[in-house]
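The next block holds one structure in the form of structure tokens; read it before the comments.
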Amino acid sequence: MDDQTRMMTGLTGLGGLAQGDVGDPDSVRKQQSLGQPQQDIGDILQQIMAITDESLDEAQARKHALNCHRMKPALFSVLCEIKEKTVLSIRGVQEEDPPDPQIMRLDNMLLAEGVSGPEKGGGSAAAAAAAAAAGGSPTDSSIEHSDYRAKLSQIRQIYHSELEKYEQACSEFTNHVMNLLREQSRTRPISPKEIERMVAIIHRKFSSIQMQLKQSTCEAVMILRSRFLDARRKRRNFNKQATEVLNEYFYSHLSNPYPSEEAKEELAKKCGITVSQVSNWFGNKRIRYKKNIGKFQEEANLYAVKTAVDAANVSAQASQANSPATPNSGGYPAPCYTPDGRL
DNA sequence: TCCAATGATTGTGT
DNA sequence: ACACAATCATTGGA
């Protein structure tokens with residue numbers, strides 16, 4: 001108890017420090033320059049240092065006494081301020097963090113795909129878009145639709161449960177650190193601002209983990225989407241009538257099998273396919289025909305006859321004996337029959 | 001199950 | 001932007 005009273009008397013030397021001066025380093029300096037208070041502070045610091053040499057019980061008692069002293073808050077805030085101006089100001093430069101563009105991008109994508117947004121709606125819209133892009137029949141697309149939605153909701157479920165885990169872990173850890181710092185702030189200078197800063201650092205760390213989760217979720221969605229959007233995976237052969245229409249045009253324009261945009265549109269309408277499908281078909285046909293004319297000979301003859309017959313019918317109706325114009329006068333090699341059916 | 005046929009995509013050249 | 005060539009992925013018949 002002797003020590004304690006000595007300490008108390010030592011601390012009372014700071015009595016001249018008005019409450020309004022708390023935290024003002026200038027006022028502290030003023031006080032220090034007065035001589036007596038400076039010595040008192042030296043005393044206190046000496047005693048604080050001495051705590052480490054004492055037994056645990058003694059130290060505890062002394063710590064308690066220090067904590068209860070009326071000047072403790074003043075000293076505490078001064079120390080905090082000094083610390084703030086030295087160590088923390090260095091780290092404080094990169095404090096102001098703007099929202100990470102990367103994480104914003106991921107958030108937007110997850111929202112657009114219906115993973116992070118409201119339960120239903122977004123996902124089915126994306127599925128509908130995927131189905132429409134794939135150009136499947138209504139029945140097909142509804143099957144694909146539900147399949148897509150099921151898989152998407154699976155991803156969604158995993159994403160949310162993982163996110164919840166992360167958030168829980170983050171808040172648990174934050175609480176733990178905050179409690180620890182609050183506890184420690186009784187014995188060493190830790191300002192609330194510093195605690196705040198520490199929390200921000202923890203949140204940043206956790207958000208980088210969260211970004212990884214978001215990234216892998218995005219990847220999963222992209223893979224899912226590409227599987228549904230890649231038309232090669234759900235290719236349907238055109239129906240017989242459509243192929244016939246396309247072949248008829250191809251062989252009757254063998255000299256120049258390049259339908260104009262209007263012709264393509266008309267063919268597309270006739271065949272019930274898209275213009276780009278018509279373009280694909282002609283692209284494939286030209287190259288395959290050119291590569292192996294022999295293989296297409298029979299088909300070419302067939303359509304040549306067909307065209308000739310049709311033309312003949314038209315001619316007969318018009319009471320004209322002339323055969324139709326021969327279209328293949330260049331470009332792609334003609335079959336062994338002329339389009340009007342003659343050898 | 002194999003394999004030719006076929007619709008679609010990708011890369012390149014003009 | 002379009003055509004070509006190579007290639008992929010699926011279909012459908014043997």
Side-chain angles (χ1 to χ4, degrees), chain A residues 109 112-113 123-152 154-155 218-307 310 325-337 339:
Chain A
M109 194 194 144
E113 294 298 333
S124 56
S137 69
T139 341
D140 284 344
S141 67
S142 67
I143 294 163
E144 303 290 350
H145 188 119
S146 62
D147 203 15
Y148 180 92
R149 217 164 43 180
K151 293 214 166 81
L152 193 71
Q154 228 175 331
I155 291 172
C218 276
E219 271 167 32
V221 172
M222 289 315 279
I223 289 165
L224 181 67
R225 261 184 92 84
S226 76
R227 286 192 72 83
F228 277 83
L229 284 173
D230 188 355
R232 281 185 297 202
R233 294 178 186 278
K234 51 211 279 34
R235 183 177 67 76
R236 288 285 124 82
N237 289 353
F238 297 156
N239 62 41
K240 214 175 161 192
Q241 186 246 331
T243 316
E244 214 154 285
V245 169
L246 293 166
N247 271 318
E248 250 172 60
Y249 188 98
F250 180 80
Y251 288 109
S252 64
H253 295 77
L254 208 50
S255 63
N256 186 36
Y258 299 89
S260 64
E261 199 54 39
E262 295 83 62
K264 278 183 196 170
E265 274 169 29
E266 200 178 322
L267 286 167
K269 209 191 282 180
K270 266 192 201 170
C271 301
I273 57 178
T274 66
V275 173
S276 63
Q277 281 179 305
V278 174
S279 298
N280 285 338
W281 190 91
F282 273 88
N284 284 322
K285 191 73 183 181
R286 281 191 298 264
I287 195 92
R288 284 164 187 166
Y289 179 82
K290 201 169 89 176
K291 256 188 181 170
N292 194 351
I293 297 167
K295 201 178 75 181
F296 288 93
Q297 197 73 254
E298 207 179 319
E299 189 182 70
N301 292 338
L302 192 83
Y303 281 99
V305 171
K306 209 166 144 59
T307 312
D310 287 350
T326 321
N328 46 315
S329 53
Y332 286 78
C336 62
Y337 290 98

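Since the model is a prediction, treat every value here as computed from it, not as a measurement. Quick note on labels: first sequence line is chain A, next is B, and so on, each numbered from 1.
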Whole-Å distance separating the CZ atom of Phe282(A) from the P atom of dC4(C): 12 Å

Nearest-nucleotide pick for Asn237(A), side chain only, options being dA5(B), dG7(B), dA3(C): dG7(B)

Separation of dT10(C) P from Arg235(A) CZ (nearest whole Å): 9 Å

Nucleotide nearest Asn280(A) (side chain, heavy atoms from C-beta), chosen from dG7(B), dT9(B), dC2(C): dT9(B)

Rounded distance (Å) that lies between atom P of dC2(C) and atom CH2 of Trp281(A): 19 Å

Modelled atom types, side-chain donor and acceptor of Arg286(A) and Asn284(A), under 3.5 Å: no

Side chain of Glu261(A) (C-beta onward), nearest among dA8(B), dC2(C), dT10(C): dC2(C)

Interatomic distance, Arg286(A) CZ vs dA6(C) C1' [rounded to whole Å]: 16 Å

Separation of atom CG in Asn284(A) from atom P in dG7(B), rounded to whole Å: 7 Å

Arg236(A) side chain near dT11(C) phosphate (N/O to OP1/OP2, under 4.0 Å): yes

Touch class at under 4.0 angstrom, heavy-atom based, for Lys285(A) against every strand present: nothing

Aromatic centroids of Tyr249(A) and Phe282(A) separated by under 6.0 Å: yes

Whole angstrom value for the distance that separates C1' of dT6(B) from CZ of Arg288(A): 6 Å

Any Lys290(A) side-chain nitrogen or oxygen under 4.0 Å from OP1 or OP2 of dA5(C): yes

Approximate separation, where rounding is to 0.5 Å, of Tyr258(A) OH and Lys264(A) NZ: 11.0 Å

Nearest listed nucleotide, side chain of Tyr258(A), among dA5(C), dT6(B), dA3(C): dA3(C)

Value in whole Å for how far the P atom of dG11(B) lies from CD1 of Ile287(A): 17 Å

Side-chain donor-acceptor contact under 3.5 Å, Glu299(A) with Tyr289(A): no

Whole angstrom value for the distance that separates P of dG7(B) from CG of Asn239(A): 10 Å

Neighbour count above 12 (heavy atom, 6.0 Å) for Lys285(A) NZ: yes

Nearest-nucleotide 5' precedence on DNA chain C, Lys264(A) against Lys291(A): Lys264(A)

